[in-house]
Structure formats: structure tokens, C-alpha cells
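Just below is one structure, and these are the notes that go with it.
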Amino acid sequence: MDAMSVTWETCELRTARPFGIARWTQANYPRTFVTFSRDGVEGRGEAAPNAFYGETGGTVEAVVPLLAPALTDPWDWEGLRARLTAVMPFHHPSVNCALEMAALEWCARAAGVPVWRLLGLSPSGLPESSYTVGLGDLDAMRGEAREAVARGHGVLKVKLGTGQDEQIVEALREEAPDVALRVDANAAWTRRRARRLLGVLEAVGVEFVEQPLAAGDLEGHAELRRFARVPLVADESLHHVSDVRALANAFDGVNLKLAKLGGPLQALEALRLARAHGLGVMMGCMIESSLGIAAAAHLAGLCDWADLDGALLLADDPFTGLEWDAGRLSRPGGVGWGVERR
């Protein structure tokens, strides 16, 4: 048996234009790529930290050397989860995700199959992904929406969380009258503002609103849901698989992101739990390379909605292999995750 190793490197991904949400606007995103090697086979994963969930590029670089030794037997997925928790009981989901991704891809490559086949998932098609219009100057947002529609995107997700939200939604609906429109407040609204805006969202035909209120305000979301005609989807309120049950009374759907839940297997568990509680499911992402997006895409065929445009927003994606037709992403082909380093 060849020597076993876990190696990693951190790169800075840059978006083609600054990407704004209610909490911040930035263009540079540190991402750590993990590689597990054994018997001449490699498995890869991506850590995409987000400060909202308690991680930064610095915490990832500090934690990876401590958690990497937990990846010993790539086939022992439950054991990996237990060892990660034993080494670091505090939540470091993006690092856990990278290690779990690496283990799964190693197993799939050793077996000569895609990861979705390894997991016994159906080869169903993926829902069309939304393309996100980041928060910024209204004219710039209109221009970005216009460009996306011209490229063939049929679903737009609009970031909100300012005093101009009504004008933004109405302007983008005017700019893109025939596309599906979704909005994401990133937990920026008060209860009163959310109630006032729901009428506007309904009037312009918004498909759903993502995380209107603060993450911990489940009571407020439940109250909002009682009279809202626009479905509510949880994102920031969902940190762990165990959160899903509590969200079922406050939301109509959940946004699953591998990097915040701790990996593909955790997302799959959350997905099945959400279905058991009657929730709609969206497969989402951070700003990630095509490696991270490919992992999410392997599960997206099980979902109602997809928001997998993280790599499309990059100025320079370090991985290649995903096939996009505007927002329509083909199921990744080839063994493992189906992407290769440029």
C-alpha cells in the first residue's frame, strides 16, 4: 500500500466584479483546497469559509493541520465525522466539508464512478440555477441583470437589504420581465419592513424570498409566514442538520450549502430531513471554484431549486470541467467530482 497523505493549499479567488450583500461587499475570497492521496489515487475538497458561520481564511489555515489527521480510512465516513468532532468539537464546517469531499472523491475514483453513483443517487437532471445580482448601485444592478438575461439566464436572484429595496425589485422586474425572480435579504429586514415589502414582492411575481429576518428570529419568520403569499426560504437560520426540524414551522424551504453544513453527506442528511418535514429544498453555494460547485451539483438533482452560480461569478476559476448553458448546468461527468485543475 502506498503512503497516505493529506495536503492543502490556500488560494485567493477573485470575483469578476465586487459582490455585495446586506452585510458586506468584497471581491477576494480565500479558499483552501485539500487533497487526500493513497494508492496512487487522489480525492479533493474545497473549504469555502464564511465569517457569518464563524470561519475565515485564517481560521481555516489554523484548523486544517489539526483536522487533516482525522482523514485516515476514506471509506469510513461515519468514523471521519466522529473523529473530526472529537478533535475539534467547535464547528468548522468548511474544513469538515473539504475533508469529507476529499474522502468521497477518493472512494469514487478508486471505484471508477462519479460521486453521485457512489452514493446511489438517481441520474436526474438539475434544476436551472439562479444567477445572482449582487447588491450595489441601482444602475449597476440593472446593467448586471440585463447582461445576465442577454446571456440566456432564466432565473435571477437579487440581493436586497437597503432602503431602496422596493425600487430595486421593481427596476429589475422591469429590466427582466420574463425571468423567474427570487430575492435574498440576507437577514437584513425588521419584521415591520418585511411585512411591508411582501406586498411589493408579490406584485412583481417574486418566486420566493430568502432569509428576510435575523437568523435567530424563528418566531418572527413563523409570524411572517402566516400571512405571506410569497414562500420563505431559510439560509442563515440553518447552521446544522439538527436545525431543520425547528425551521419547518417558520419557513417553506431551506437553502443547503455544503460549506456551512460540513460536507455533502451532511447536506444529503439535511435534504432528506427537510423532505420528511415537508420543506422545499434549494442547493446553494458560497463563492467557490468549480470544485465546490461540482460537489453541490451531485446532489442538486434531488432539489426543487438551485443557486450554484458561485464559480460563474469568478474572474478566474482554477478548475474546469463543468458544462454550463447560461444557468443550466449539466450533471458532472467523469469519475469523482468530474472537474480538473487548470
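Computed from a predicted structure; not experimentally measured. Atoms considered below: every heavy atom in the structure, side chains included; atoms not considered: hydrogens, waters and symmetry mates.
Evaluation of the ring pair (Phe, Tyr, Trp, His ring centres under 6.0 Å) rule for His239 yields Phe52, Tyr53 as partners, not counting sequence neighbours. In this structure, the side-chain contact (heavy atoms from CB on, under 4.5 Å) partners of Glu223, at least two apart in sequence or on a different chain, are Arg191, Arg195, Arg226. Listed by chain and residue number, Arg341 satisfy the salt bridge (Lys or Arg N to Asp or Glu O under 4.0 Å) test with Glu9 (two or more places apart in sequence, or in another chain). Take Glu210 and apply the salt bridge (Lys or Arg N to Asp or Glu O under 4.0 Å) test, not counting sequence neighbours, and it matches Lys157. In this view, Arg117 satisfies the salt bridge (Lys or Arg N to Asp or Glu O under 4.0 Å) rule with no residue, not counting sequence neighbours. Listed by chain and residue number, Phe319 satisfy the ring pair (Phe, Tyr, Trp, His ring centres under 6.0 Å) test with Phe33 (two or more places apart in sequence, or in another chain). Applying the salt bridge (Lys or Arg N to Asp or Glu O under 4.0 Å) criterion to Asp73, with sequence neighbours excluded, gives no partner residue.
A distance-only check finds no donor-acceptor pair linking the side chain of His92 to the backbone of Met88 [under 3.5 Å]. Side chain of Thr56 to main chain of Gly58: a donor-acceptor pair is present (N/O by atom type, distance under 3.5 Å, no hydrogens or angles). Formation of a donor-acceptor pair under 3.5 Å by the Ser37 side chain with backbone atoms of Met4 is not found in this model.
Among pairs with a residue in residues 264-273, those fulfilling salt bridge (Lys or Arg N to Asp or Glu O under 4.0 Å) read Arg81-Glu269, at least two apart in sequence or across chains. The ring pair (Phe, Tyr, Trp, His ring centres under 6.0 Å) analysis of residues 144-169, with sequence neighbours excluded, yields the pairs Tyr131-His153. The stretch residues 274-294 participates, sequence neighbours left out, in these salt bridge (Lys or Arg N to Asp or Glu O under 4.0 Å) pairs: Arg275-Asp304.
Within a 6.0 Å radius of CZ in Arg245, other residues, nucleotides and ligands contribute 12 heavy atoms or fewer.
Following chains of ILVMFWY side-chain contacts shorter than 4.5 Å, one cannot reach Val200 starting from Val133, and the two form parts of different hydrophobic clusters.
Val155 belongs to no hydrophobic cluster, as no Ile, Leu, Val, Met, Phe, Trp or Tyr side chain comes under 4.5 Å of its own. Listed by chain and number, the hydrophobic cluster partners of Phe208 are Val233, Met282, Trp305, where partners are ILVMFWY side chains within reach of under 4.5 Å, directly or through others.
Between Phe251 and His221, the ring-plane angle classifies as tilted under the 30° and 60° cut-offs.
For the residue pair Gln211/Ser237, the side-chain donor-acceptor check at 3.5 Å is satisfied. In summary, the side chains of Asp317 and Ser290 do present a donor paired with an acceptor at a separation below 3.5 Å, with no hydrogens or angles considered. Thr35 and Glu42 share no donor-acceptor pair across their side chains, judged by distance under 3.5 Å alone. In this model, no donor atom of one side chain and acceptor atom of the other lie less than 3.5 Å apart for Glu55 and Asn50.
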